[in-house]
Novice: 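Attaching a single structure in structure tokens format; questions to follow.
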Amino acid sequence: MIRLMSCITEQHNWLLLLVAVFVCVAGNLAGGVFMLSRARQCVKAHRNLWLAVAGALLGGTIWATHFVPMLSYNVPVSYQVLETGLSIVVAVAVSCLATFTFLKGSSLYSNA
């Protein structure tokens with residue numbers, strides 16, 4: 001535990017860590033609260049679009065919350081463009097799948 005705390009306090013850029021916290025909170029509020037409540041209120045024809053947007057936003061939030069602190073780590077490292085791009089695609093795809101799967105059985109689909 002002490003090793004983890006010293007890594008965070010001594011080897012990370014605090015400003016980028018705060019940016020990651022802000023991205024996490026703002027993205028989860030926007031995707032998890034606002035977009036999903038909008039999906040609940042709209043007609044069925046538009047519901048899947050709102051769920052896809054929420055899933056994409058949540059996936060991007062998850063990816064950014066992980067990637068920004070990696071950038072804040074003060075170690076000489078390079079990132080592969082293809083693998084980095086693929087990681088955001090996977091995060092968004094899994095989040096969209098999870099959003100649709102989780103909400104399909106809820107009362108969200110029985111309204112309107």
Novice: Once rounded to the nearest 0.5 Å, what's the spacing between atom CG of Leu86 and atom CD of Gln80?
Specialist: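 Separation between the atoms: 12.5 Å.
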Novice: Minimum heavy-atom separation for Val92 to Gly60, with atom names?
Specialist: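 Heavy-atom minimum between the residues: CG2-N, 3.8 Å.
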Novice: Less than 4.5 Å apart, side chain to side chain, heavy atoms only: is that true for Ile88 and Phe67?
Specialist: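 No, their side chains stay 4.5 Å or more apart.
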Novice: Using a 6.0 Å cut-off, check whether atom OH of Tyr79 has over 12 heavy atoms from anything other than its own residue.
Specialist: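 Counting other residues, nucleotides and ligands, OH of Tyr79 exceeds 12 neighbours.
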Novice: Scan residues 55-64 for pairs that pass side-chain hydrogen bond (donor to acceptor under 3.5 Å, both in side chains), counting only residues two or more places apart or in two chains.
Specialist: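 Sorted pair list: Trp63-Ser87.
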Novice: Taking a hydrophobic cluster as the set of Ile, Leu, Val, Met, Phe, Trp and Tyr residues connected by side-chain heavy atoms closer than 4.5 Å, whether directly or through intermediates, do Phe34 and Val25 fall within one such cluster?
Specialist: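 Phe34 clusters together with Val25.
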Novice: For Leu51 and Asn48: C-alpha separation, side-chain torsions, deciding distance, then whether side-chain contact (heavy atoms from CB on, under 4.5 Å) applies.
Specialist: CA-CA 5 Å; Leu51 289 175; Asn48 286 340; 4.2 Å; yes
Novice: Please name the pair of heavy atoms, one in Ala52 and one in Cys96, separated by the smallest distance, quoted to 0.1 Å.
Specialist: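 Reported closest heavy-atom pair: O-SG, 3.6 Å.
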Novice: Should side-chain heavy atoms under 4.5 Å link Ile, Leu, Val, Met, Phe, Trp and Tyr, which residues sit in the same cluster as Trp50?
Specialist: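 Grouped by the 4.5 Å side-chain rule, Met35, Leu49, Val53, Leu57 form the rest of the cluster around Trp50.
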Novice: Can you name the nearest heavy-atom pair linking Gly31 to Ala54, along with the distance?
Specialist: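 Residues Gly31 and Ala54, closest heavy atoms: O-CB, 3.7 Å.
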Novice: Check whether any side-chain N or O of Thr84 sits under 3.5 Å from a backbone N or O of Val81 as a donor-acceptor pair, and report yes or no.
Specialist: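 Checked: no pair found.
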Novice: Which residues, ordered by chain and number, are linked to Leu15 in its hydrophobic cluster, where ILVMFWY side chains connect at heavy-atom gaps below 4.5 Å, directly or through other members?
Specialist: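 The other cluster members (ILVMFWY side chains, heavy atoms under 4.5 Å, direct or chained): none.
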Novice: Within this structure, what is the CZ-CZ distance for the pair Arg47 and Arg38, rounded to the nearest 0.5 Å?
Specialist: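 So the CZ of Arg47 and the CZ of Arg38 are separated by 10.5 Å.
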Novice: Take Leu58 and Asn28 through the test side-chain contact (heavy atoms from CB on, under 4.5 Å) and record every step on the way to the result.
Specialist: CA-CA 6 Å; Leu58 290 170; Asn28 281 304; 3.5 Å; yes
Novice: Do Leu16 and Pro69 have side-chain heavy atoms sitting under 4.5 Å apart?
Specialist: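 Leu16 vs Pro69: side chains apart.
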